[in-house]
Protein chains: 2
Amino acid sequence: MNLKQLAKELNLSISAVSKALRDSHEISPATKKAVLAKAKELNYQVNPFASGLRKQKSKTIAVIIPEVVNDFFGPVINGIESIAQEKGYHVLIYLTHEVEQKEVAIINLLQNGRVDGVMISISAQTSDTTHLEALKEKGIPLVFFDRIVERINAPKVITDDYNSGAVATNHLIENGCQRIAFVSLPNKLTITQKRMNGYLDALKNIHIKKDNSLILFCNGDEHKDKDLIRNLLKRKDRPDGIFASVEKLAIITYEVCEELNLNIPADVKVICFSNLKTAGLLNPSLTTITQPAFEIGREAASILFKLIEKKGHHFLLEKTTINSKLIKRISTEKTSGEK
Amino acid sequence: MNLKQLAKELNLSISAVSKALRDSHEISPATKKAVLAKAKELNYQVNPFASGLRKQKSKTIAVIIPEVVNDFFGPVINGIESIAQEKGYHVLIYLTHEVEQKEVAIINLLQNGRVDGVMISISAQTSDTTHLEALKEKGIPLVFFDRIVERINAPKVITDDYNSGAVATNHLIENGCQRIAFVSLPNKLTITQKRMNGYLDALKNIHIKKDNSLILFCNGDEHKDKDLIRNLLKRKDRPDGIFASVEKLAIITYEVCEELNLNIPADVKVICFSNLKTAGLLNPSLTTITQPAFEIGREAASILFKLIEKKGHHFLLEKTTINSKLIKRISTEKTSGEK
DNA sequence: ATGAAAGCGCTAACAA
DNA sequence: TTGTTAGCGCTTTCAT
């Protein structure tokens with residue numbers, strides 16, 4: 001079913017039908033009604049390829065994320081999709097699996113009009129960012145969320161990483177930890193840096209100085225990361241507290257603890273960024289920093305759509321920060337509170 | 001950058017360049033090489049709309065799921081995307097939020113060539129399935145996974161729901177439960193029916209007969225579902241065991257227990273379908289039935305691509321069953337084993 | 001081995 | 001208010 005057939009059915013020209021469908025002012029109400037009725041009857045749908053080709057817009061955005069195996073990116077997708085559905089946009093999803101090369105390949109796929117805009121949370125391994133700059137050069141709106149590239153001039157939606165890092169560390173300190181390790185993704189990620197700075201300043205406050213042997217930079221590869229964490233916990237001077245900067249590393253930490261027969265929280269206390277919003281299902285000994293993932297998705301998508309719609313206007317919503325929540329669970333009584 | 005410009009740069013005709021790029025036999029190796037080099041140099045990418053319009057294929061599939069807030073659909077997406085990436089396909093994602101009306105609207109969007117195939121796990125509220133049949137009528141390949149529609153003649157990828165239901169129920173029985181409730185999504189879902197049959201047969205085995213007051217059909221709306229579960233647990237003759245047919249309902253159950261100060265597993269034992277593969281993070285009192293979500297995604301995607309590529313051939317891979325795993329956690333010693 | 005040209009289905013400028 | 005027409009960028013048949 002296409003315009004031509006529809007026009008024939010109605011004894012109208014193709015362009016009249018096309019205009020009627022887009023509610024043009026130059027078509028009489030009567031014909032509009034007739035067209036709409038017929039279109040519905042025959043279940044006519046505009047061919048997105050023809051229309052996209054002609055209008056040079058796709059009504060589609062791309063979301064590029066490392067993975068969907070944790071409870072951060074899931075809700076983010078939810079948030080993005082909810083806004084996109086409102087706006088009548090379609091959402092393409094691409095996973096980098098933390099591999100820089102895949103990220104580059106994916107970005108290259110998007111250079112030729114397939115999408116009207118891109119949202120990305122960069123891979124842990126990405127260091128060169130020319131692919132992203134190239135995309136921006138082509139005039140394709142770009143929004144970063146969570147894992148951002150500081151030096152690229154594009155809107156960014158993040159959480160209050162520095163502060164969260166400090167709060168998390170303080171929480172361990174309050175629970176009696178002395179040797180607190182920071183387990184994180186590569187140092188090049190801004191989330192790593194900021195969370196670490198919060199961690200370091202919290203320690204500095206109580207006059208503990210930086211101990212590089214307690215700072216672990218993983219790289220996103222599950223096996224390698226597990227080895228690193230195992231080594232950390234096997235040492236006789238192992239930490240009594242661990243601040244895991246991302247959920248996945250906390251999970252690995254838990255697995256290693258089980259393997260080494262270390263009791264949490266008796267032997268080691270753990271706190272992590274995590275969105276397992278399943279309070280009841282959580283191990284009661286785990287305190288989490290929870291990011292408002294759904295809101296981050298919605299916010300980033302809203303900004304992207306503003307950019308798409310106002311394309312050409314030189315307006316730049318710079319960084320947007322959405323606060324995360326501390327959900328306390330280390331202490332014996334199961335209380336939970338906000339920061 | 002388009003074919004025309006590229007052709008001009010090379011002093012060739014558009015069609016020659018086009019053919020060269022698609023490695024046609026009617027182009028000399030020499031020109032092919034030149035074209036490829038120039039294309040790479042100028043970072044030429046085919047315009048997907050022009051190409052899609054002409055070839056009437058989109059190199060895109062749609063994935064329609066209820067939500068991405070749990071650890072089932074996340075890994076499923078992962079699996080699908082991994083296959084799609086191999087095959088050079090793009091993945092559109094749509095969420096129904098368990099609302100039938102949204103599912104219908106989404107399916108309608110896909111009737112006009114936007115995608116070459118569709119994978120769906122239907123919403124809990126879907127009862128009428130004419131929209132899905134209409135899609136099949138149009139010749140768009142369709143694959144169901146997990147939440148299938150039995151009567152539609154399309155490939156289906158599921159887990160061994162009946163057996164899992166029986167295993168889950170037996171596990172509660174072995175742990176001393178006498179009054180076991182079955183908390184599930186609407187009865188019209190095949191997963192509900194099969195898991196329930198497993199549950200009922202396990203009870204029948206020990207001569208306990210069906211007690212309808214212990215069987216709860218929720219509908220996917222979080223608030224309503226919570227009320228239902230709260231009522232169940234407030235009764236004086238409340239169950240001593242709960243088999244939650246989906247992860248989300250287990251989470252709600254946990255929340256209600258916390259609210260009512262019921263201790264798990266002392267007061268109530270809970271078992272559920274869940275993919276929180278975060279063994280260490282789980283509440284040790286929770287036993288789960290874990291579905292191989294990643295594999296389900298991969299399998300369903302593989303079948304869809306076969307369908308897309310062999311379009312016209314009357315071959316129908318009917319139901320594919322992938323077994324789930326029982327991860328025991330109720331008993332005090334933290335053992336885990338497979339079924 | 002290369003080129004010319006038709007047309008995929010739609011939109012929009014222009015004509016009537 | 002409606003119709004005619006020229007492409008959008010690509011693929012493919014047919015001619016050269």
Side-chain angles (χ1 to χ4, degrees), chain A residues 1-36 38-39 42-60 88 90 109-116 138-140, chain B residues 1-36 38-39 42-60 88 90 109-116 138-140:
Chain A
M1 178 50 31
N2 59 20
L3 266 192
K4 199 163 157 189
Q5 295 170 50
L6 192 59
K8 193 182 288 171
E9 290 276 337
L10 288 155
N11 279 319
L12 279 170
S13 73
I14 293 176
S15 68
V17 177
S18 172
K19 285 171 189 161
L21 288 171
R22 353 198 75 254
D23 201 29
S24 160
H25 55 271
E26 38 179 334
I27 298 292
S28 77
T31 35
K32 266 186 201 170
K33 231 175 81 180
V35 170
L36 256 18
K38 202 73 179 173
L42 302 180
N43 192 27
Y44 170 80
Q45 301 275 118
V46 193
N47 181 308
F49 291 95
S51 156
L53 177 59
R54 181 61 230 249
K55 295 205 286 188
Q56 303 284 38
K57 14 189 6 283
S58 63
K59 278 282 183 178
T60 304
H90 300 256
L109 284 176
L110 304 177
Q111 307 263 11
N112 226 311
R114 188 181 295 273
V115 296
D116 297 339
K138 293 234 170 179
I140 297 173
Chain B
M1 179 49 33
N2 58 21
L3 265 193
K4 201 164 154 188
Q5 295 169 49
L6 192 59
K8 195 182 288 170
E9 290 276 339
L10 287 156
N11 279 320
L12 279 170
S13 73
I14 292 177
S15 67
V17 177
S18 173
K19 285 171 190 162
L21 289 171
R22 356 198 73 256
D23 200 29
S24 159
H25 55 270
E26 37 181 333
I27 298 292
S28 77
T31 36
K32 266 186 200 169
K33 230 175 84 178
V35 170
L36 256 18
K38 202 72 180 173
L42 302 179
N43 192 26
Y44 169 82
Q45 302 273 117
V46 262
N47 180 308
F49 291 94
S51 151
L53 178 59
R54 181 60 231 251
K55 295 204 288 192
Q56 304 285 39
K57 7 189 14 279
S58 62
K59 277 280 181 181
T60 303
H90 299 257
L109 284 176
L110 304 178
Q111 307 264 10
N112 225 311
R114 188 180 296 276
V115 295
D116 296 340
K138 292 232 170 180
I140 297 173

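Per chain, numbering begins at 1; letters A, B, ... match sequence-line order.
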Visitor: For A/Leu42 and A/Leu6: C-alpha separation, side-chain torsions, deciding distance, then whether side chain to side chain contact (heavy atoms under 4.5 Å, CB included) applies.
Guide: CA-CA 8 Å; A/Leu42 302 180; A/Leu6 192 59; 3.9 Å; yes
Visitor: Whole-Å distance between D/dT4 P and A/Ile14 CD1?
Guide: 10 Å
Visitor: How close or far is atom C1' of D/dC8 from atom CG of A/Leu53, stated in whole angstroms?
Guide: 4 Å
Visitor: Side chain of B/Ser13 only, please: which of C/dG3, C/dG9, D/dT2 is the nearest?
Guide: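 Comparing C/dG3, C/dG9, D/dT2 against the side chain of B/Ser13, the answer is C/dG3.
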Visitor: Please tell me which of B/Asn112 and B/Ser28 maps to the more 5' nucleotide of DNA chain C, matching each residue to the nucleotide holding its nearest heavy atom.
Guide: B/Ser28
Visitor: Can you measure A/Arg114 atom CZ to D/dC8 atom P for me and round it to whole angstrom units?
Guide: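 For the pair A/Arg114 CZ and D/dC8 P, the rounded distance is 21 Å.
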Visitor: When all nucleic acid strands are considered with a 4.0 Å heavy-atom cut-off, which category describes B/Ser15: base, sugar-phosphate, or nothing?
Guide: base
Visitor: Please determine whether a side-chain nitrogen or oxygen atom of A/Tyr44 lies at a distance below 4.0 Å from atom OP1 or OP2 of C/dG9.
Guide: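 For A/Tyr44, the contact criterion (side-chain N or O under 4.0 Å from OP1 or OP2 of C/dG9) is not met.
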Visitor: What's the NZ-P distance between A/Lys8 and D/dG3, to the nearest Å?
Guide: 15 Å
Visitor: Is there side-chain contact between B/Pro29 and B/Lys33, with heavy atoms separated by less than 4.5 Å?
Guide: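 When only atoms from C-beta onward are counted, B/Lys33 and B/Pro29 do not touch, as no gap falls below 4.5 Å.
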Visitor: Please state how far atom NE2 in A/His25 lies from atom C1' in C/dA12, giving the value in whole angstrom units.
Guide: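 Answer to the nearest Å: 11 Å.
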Visitor: Ignoring hydrogens and geometry, is there a side-chain-to-backbone donor-acceptor pair from B/Lys59 to B/Gly52 under 3.5 Å?
Guide: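 Side chain of B/Lys59 to backbone of B/Gly52, a donor-acceptor pair under 3.5 Å: no, none is there.
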Visitor: What is the separation between atom CG on B/Leu6 and atom P on D/dG9, rounded to the nearest whole Å?
Guide: 14 Å
Visitor: Would you kindly give the NZ-to-C1' distance between B/Lys33 and C/dA1, to the nearest whole Å?
Guide: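 Whole-Å distance recorded here is 18 Å.
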Visitor: In terms of side-chain heavy atoms of A/Ile27, which of D/dC10, D/dT2, C/dC10 is nearest?
Guide: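 Output: D/dT2.
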Visitor: Among D/dT12, C/dA12, C/dC10, which is the nearest nucleotide to the side chain of A/Ala50?
Guide: C/dC10
Visitor: So, A/Thr60 side chain and A/Val115 main chain: donor-acceptor pair closer than 3.5 Å or not?
Guide: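 Here the side-chain-to-backbone pair does not exist.
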Visitor: Does the side chain of B/Asn2 get closer than 4.0 angstrom to OP1 or OP2 of D/dG9 through an N or O atom?
Guide: yes
Visitor: Quick one: label A/Leu12 by what it contacts on the DNA or RNA (base, sugar-phosphate, nothing), any heavy atom closer than 4.0 Å.
Guide: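 Sugar-phosphate contact only.
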Visitor: Side chain of A/Lys19: nearest nucleotide among C/dA13, C/dG9, D/dT1?
Guide: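 Selected nucleotide (nearest to the side chain): C/dA13.
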Visitor: Nearest whole angstrom, please: distance from the P of D/dC8 to the NZ of A/Lys57.
Guide: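 Value for this atom pair: 19 Å.
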Visitor: Answer yes or no: does a side-chain N or O of B/Gln56 lie under 4.0 Å from OP1 or OP2 of C/dG9?
Guide: yes
Visitor: Measure from the side chain of B/Lys55, starting at C-beta and using heavy atoms only, and say which of D/dT12, C/dT2, D/dT2 lies closest.
Guide: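 Closest nucleotide to the B/Lys55 side chain: D/dT12.
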Visitor: What nucleotide, of C/dC8, C/dT2, C/dC10, holds the atom closest to the side chain of A/Ser51?
Guide: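 Minimum distance to the A/Ser51 side chain belongs to C/dC10.
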Visitor: Do the side chain of B/Asp116 and the main chain of B/Ser58 share a donor and acceptor less than 3.5 angstrom apart?
Guide: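 Side chain of B/Asp116 to backbone of B/Ser58, a donor-acceptor pair under 3.5 Å: yes, one is there.
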Visitor: Between B/Thr31 and C/dA1, is there a contact of a side-chain N or O with OP1 or OP2 at under 4.0 Å?
Guide: no
Visitor: Treating B/Lys32 as the side-chain partner and B/Ser24 as the backbone partner, does any N or O pair qualify as donor plus acceptor under 3.5 Å?
Guide: yes
